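Please read the structure below before turning to the comments.
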Amino acid sequence: MAPQTRRMAFPRVVIDRDTDTEQSSSEDEEEDREEGPFSESEEEVTENGREEKIEEDLDAKRKGKAPITISLKKVCKVCKKPGHEAGFKGATYIDCPMKPCFLCKMPGHTTMSCPHRVATEYGVTPASHRNAGNPVEYVFERQLRPNMPHMKPAHVIPDQVNCAVIRYHSRRVTCLEFHPTNNHILLSGDKKGQVGVWDFYKVSEKIVYGNIHSCIVNNIRFNPTNDGTVYAASSDGTVSCTDLETGLALSLMNINPNGWHGPRTWRMLYGMDINPEKGVVLVADNFGFLYLVDTRTNSRSGEAILIHRKGSKVVGLHCNPIQPELLLSCGNDHFARIWDIRRLEAGSSLCDLPHKRVVNSAYFSPSGSKILTTSQDNRLRIWDSIFGNLDSPSREIVHSHDFNRHLTPFRAEWDPKDPSESLAVIGRYISENYNGAALHPIDFIDITTGQLVAEVMDPNITTISPVNKLHPRDDVLASGSSRSIFIWRPKEKSELVEQKEEMKIIVCGKADKKQKHKFGDESEDSDDDTSKLKRKNVRSKKSRKS
């Protein structure tokens with residue numbers, strides 16, 4: 001006797017396809033209503049097959065099984081709804097009709113027609129003087145303000161690539177720092193935990209230390225008393241002290257002594273700065289806590305202090321250049337806060353500066369009197385005086401730096417050589433069409449008026465440049481774009497250096513066909529180690545078979 005099998009009635013599968021003919025939304029709704037278990041829009045090969053399908057549909061309906069619909073229509077990546085697309089197509093950003101303008105975050109217009117895209121200074125008005133009525137501001141106006149120049153000097157913009165190292169790091173660049181005394185030494189950190197030292201005068205002299213950290217290097221600072229020693233904070237939860245001559249690294253603090261026990265307990269260090277007067281390295285983690293490391297004993301001192309909302313990431317720390325007792329912090333709780341290091345306690349901030357979204361960075365000006373912040377709501381905020389009224393910023397400048405993941409956060413930084421403290425540099429996220437090429441320029445912005453002073457670009461650099469650092473003494477700009485580092489100089493000076501140097505650009509590793517024509521890498525997070533391992537495995541399998 002043949003075995004009996006139970007008949008299984010599977011639900012019907014309907015596949016919706018996009019057609020070239022345009023139909024109105026009302027017609028689509030009517031078709032959706034008409035299409036049920038007996039839909040006549042399906043493609044049938046024979047009448048018998050149609051009858052069999054109808055019988056199966058009846059069985060499915062009797063048993064309460066609804067048909068499964070698989071849609072092949074285009075779905076928006078922004079709002080996750082079908083029927084339209086949004087995002088970048090070349091150098092053009094297509095807005096989602098369900099969302100406001102991607103640039104200024106305001107409804108009523110698209111990104112291409114946004115007035116802030118045409119003129120950066122649109123809507124920015126110079127701040128009127130707001131007297132706080134305290135004696136500190138009086139001292140500032142009488143003693144500090146007269147030393148500042150009344151006329152702005154002409155800005156010297158480094159606008160031409162002078163030298164570069166292509167594919168310098170194995171992962172994307174995360175931070176840059178110039179040597180405090182040697183003008184042609186640049187330090188860089190990457191996502192893999194490597195620290196690079198590059199002499200960009202000799203171009204070919206470079207070294208990468210891969211044994212210092214095992215994860216992202218988020219910040220690098222030089223020892224103020226010894227320029228041969230550098231401190232670094234990493235997402236592996238350690239603070240390192242490295243001798244640049246020998247490459248030997250010493251771990252000063254490890255906040256994950258018990259190892260990995262899941263992402264909920266793993267602490268990562270982001271913000272870092274050094275207080276030269278107290279000889280203390282200040283670091284902050286992704287849970288809102290601040291730690292102090294004594295540079296004299298090379299060990300942690302005191303207990304962790306909660307300076308931002310518990311569980312939020314503290315991404316930036318900066319000590320005031322003139323008054324190091326003042327500490328500026330910023331984090332993912334949408335606040336930048338000013339602290340007095342002499343009395344650090346939870347909830348004892350001197351002032352809280354609210355933002356609408358995550359604050360990527362916050363810096364005091366070189367004179368210590370102004371504050372510049374970068375927020376994820378595409379706004380640069382400036383406070384003209386820390387001694388005045390800090391309830392609201394003096395100005396808000398709209399700029400494109402609301403980035404996607406797998407990219408180092410954009411940070412607007414001051415020009416340390418500008419005596420008027422009016423120039424800031426920051427990379428741009430939205431690409432622009434330059435002679436048919438989609439490029440992401442580096443912007444120089446006058447923060448007193450919001451005017452775009454210059455946009456620096458190169459037709460060969462097609463990747464985004466989120467990490468930018470201006471030299472404290474020379475007219476030099478260092479930018480990190482993907483795994484590469486570029487040195488920019490003013491056109492006249494770079495032509496003089498060109499005559500002395502023959503080799504200006506070095507390509508590390510094997511260059512692809514695309515990289516022969518472009519400086520940029522196609523992938524921000526590509527890793528050569530994985531591809532090498534795959535090749536080795538394939539070769540070993542072939543040798544075993546033979």
Side-chain angles (χ1 to χ4, degrees), residues 76-79 84-127 155 157 159 355-361 372-382 393-405 407-413 422-459 461-468 477 479 481 488 520:
C76 176
K77 295 181 180 179
V78 179
C79 66
H84 63 276
E85 289 183 305
F88 286 100
K89 279 194 174 182
T92 305
Y93 181 82
I94 302 175
D95 287 274
C96 175
M98 311 299 293
K99 298 289 183 178
C101 171
F102 178 75
L103 179 58
C104 68
K105 312 299 181 184
M106 300 295 291
H109 60 270
T110 63
T111 302
M112 293 302 295
S113 61
C114 180
H116 296 278
R117 189 184 182 96
V118 180
T120 311
E121 68 272 16
Y122 175 82
V124 179
T125 56
H155 298 302
I157 305 298
D159 54 358
H355 293 69
K356 294 182 179 179
R357 287 187 62 187
V358 172
V359 187
N360 292 340
S361 66
L372 170 64
T373 64
T374 308
S375 178
Q376 278 292 97
D377 61 352
N378 277 347
R379 297 293 193 279
L380 303 178
R381 290 176 173 84
I382 300 96
S394 303
R395 275 171 304 285
E396 291 185 3
I397 302 173
V398 175
H399 181 267
S400 175
H401 51 258
D402 181 9
F403 65 96
N404 202 343
R405 60 179 182 175
L407 195 67
T408 305
F410 292 83
R411 301 182 180 94
E413 296 194 11
S422 60
L423 190 65
V425 61
I426 183 173
R428 192 188 305 178
Y429 180 65
I430 291 184
S431 59
E432 302 290 347
N433 192 345
Y434 297 97
N435 298 326
L439 304 180
H440 304 264
I442 302 170
D443 294 333
F444 288 81
I445 300 176
D446 188 339
I447 56 97
T448 59
T449 61
Q451 182 182 2
L452 180 63
V453 178
E455 48 185 8
V456 173
M457 72 201 80
D458 189 284
I461 305 176
T462 57
T463 50
I464 307 172
S465 303
V467 186
N468 299 280
L477 168 68
S479 62
S481 182
W488 303 74

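Predicted model, so just to flag it, every value in this text is computed and none were measured. The first residue in the sequence is number 1, and the count goes up from there.
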Notebook entry, point to check: Using 4.0 Å as the upper bound for N to carboxylate O, is an ion pair formed by K105 and D377?
Noted result: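 So D377 does not pair with K105 through a salt bridge.
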Checklist line | Short N-O contact, E432 and R117, less than 4.0 angstrom | finding: yes
Main-chain N/O of [Y] paired with [X] side-chain donor or acceptor, under 3.5 Å:
X: T111; Y: F102; result: yes
X: D446; Y: V453; result: no
X: H440; Y: T463; result: no

Atom of [X], atom of [Y] and distance for their closest heavy-atom approach:
X: R395; Y: V124; answer: CD-CG1, 3.6 Å
X: C114; Y: L103; answer: SG-CD2, 4.0 Å
X: T408; Y: P466; answer: O-CB, 3.2 Å
X: S361; Y: A412; answer: OG-N, 3.9 Å
X: G427; Y: F410; answer: O-CD2, 3.2 Å
X: K99; Y: C79; answer: CE-CB, 4.4 Å

Let me confirm one number: the [atom1]-[atom2] distance from [X] to [Y], rounded to the nearest 0.5 Å.
X: R357; Y: S375; atom1: CZ; atom2: OG; value: 7.0 Å
X: H399; Y: Y429; atom1: NE2; atom2: OH; value: 13.5 Å
X: T373; Y: I382; atom1: OG1; atom2: CD1; value: 7.5 Å
X: K356; Y: R379; atom1: NZ; atom2: CZ; value: 6.0 Å
X: I426; Y: S400; atom1: CD1; atom2: OG; value: 9.0 Å
X: I430; Y: N378; atom1: CD1; atom2: CG; value: 7.0 Å

Does the side chain of [Y] come within less than 4.5 Å of [X]'s, by heavy atoms?
X: M457; Y: Y434; answer: yes
X: P441; Y: V456; answer: no
X: P459; Y: N435; answer: no
X: L380; Y: I447; answer: no
X: M106; Y: V398; answer: no

Taking atom types as modelled, find out whether [X] and [Y] have a side-chain donor-acceptor pair closer than 3.5 angstrom.
X: E413; Y: N468; answer: no
X: H401; Y: T374; answer: no
X: S422; Y: T448; answer: no

Margin query: Determine whether F403 and I464 satisfy the following criterion, side-chain contact (heavy atoms from CB on, under 4.5 Å), listing intermediate values before the conclusion.
Written below: CA-CA 10 Å; F403 65 96; I464 307 172; over 6 Å; no
